[in-house]
Amino acid sequence: MKIKEGFILRNVAGNNVVVPIGQATLDFNGMMSLNDTGAFIFGKMIEGITREDLITAVMNEYGIDYQLAATDVDNFIEKVEGEDLFE
């Protein structure tokens, strides 16, 4: 899984936001606000990562079990798919 080119994650006044830049501004209108876990997951997705590696990264970062990490990752993937942000 990899986020399309042209989307960046920034912390603005304590809020994590994803904003389009360049050509991506034509396809995506606005911005996406993320909590800290969402920002962590999004950051990994910018790099490109498999679902299983993403689950492992969330487990390690937050000290949670596989099932909770998988649920969190799957919910986030669904949100990102809904915004059409995957390559």
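Note: hydrogens, waters and symmetry copies are ignored here, and every other heavy atom, side chains too, is used.
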E61 and I41: side-chain contact (heavy atoms from CB on, under 4.5 Å), yes or no, with the steps? CA-CA 10 Å; E61 181 72 14; I41 294 171; over 6 Å; no
Report, as yes or no, whether the 6.0 Å neighbourhood of atom CD on E5 holds more than 12 heavy atoms from other residues, nucleotides or ligands.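 At most 12 heavy atoms, drawn from other residues, nucleotides or ligands, come within 6.0 Å of this atom.
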Counting heavy atoms not belonging to E87, are there more than 12 under 6.0 Å from its CD?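 Check passes, neighbour count above 12.
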Residues in side-chain contact (heavy atoms from CB on, under 4.5 Å) contact with [X], at least two apart in sequence or another chain:
| X | answer |
| --- | --- |
| A69 | I55, V58, M59, I64 |
| K44 | F40, E47, I49, L54, A57 |
| Q67 | D65, T71 |
| D74 | R51, I77 |

For F42, ring-ring contact (aromatic ring centres under 6.0 Å, His included) partners two or more places apart: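 For F42 there are no ring-ring contact (aromatic ring centres under 6.0 Å, His included) partners, ignoring immediate neighbours.
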In this structure, would [X] and [Y] fall into the same cluster of hydrophobic residues linked by side-chain contacts under 4.5 Å?
| X | Y | answer |
| --- | --- | --- |
| F76 | L9 | yes |
| I21 | V12 | yes |
| F7 | V17 | no |
| I8 | M1 | no |

Looking only at non-hydrogen atoms, find the nearest pair between F28 and P20 and report the distance.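 Smallest heavy-atom distance, with atoms named: O-CG, 3.6 Å.
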Heavy atoms only: give me the nearest A24-G6 pair and the separation to one decimal.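 Closest approach of A24 to G6: CB-O, 3.3 Å.
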Kindly state each residue pair satisfying side chain to side chain donor-acceptor pair (under 3.5 Å) with at least one member in residues 33-43, sequence neighbours excluded.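 For residues 33-43, and leaving out neighbouring residues, the side chain to side chain donor-acceptor pair (under 3.5 Å) pairs sorted by first residue read N16-D36.
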Can you find a heavy atom in the side chain of V18 that is under 4.5 Å from one in the side chain of E83?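 When only atoms from C-beta onward are counted, E83 and V18 do not touch, as no gap falls below 4.5 Å.
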What's the separation between atom CG in L85 and atom CE in M45, rounded to the nearest 0.5 Å?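 With rounding to 0.5 Å, CG (L85) is 9.0 Å from CE (M45).
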What distance do K4 atom NZ and F86 atom CZ have between them, rounded to the nearest 0.5 Å?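 Taking NZ in K4 and CZ in F86, the distance rounds to 10.5 Å.
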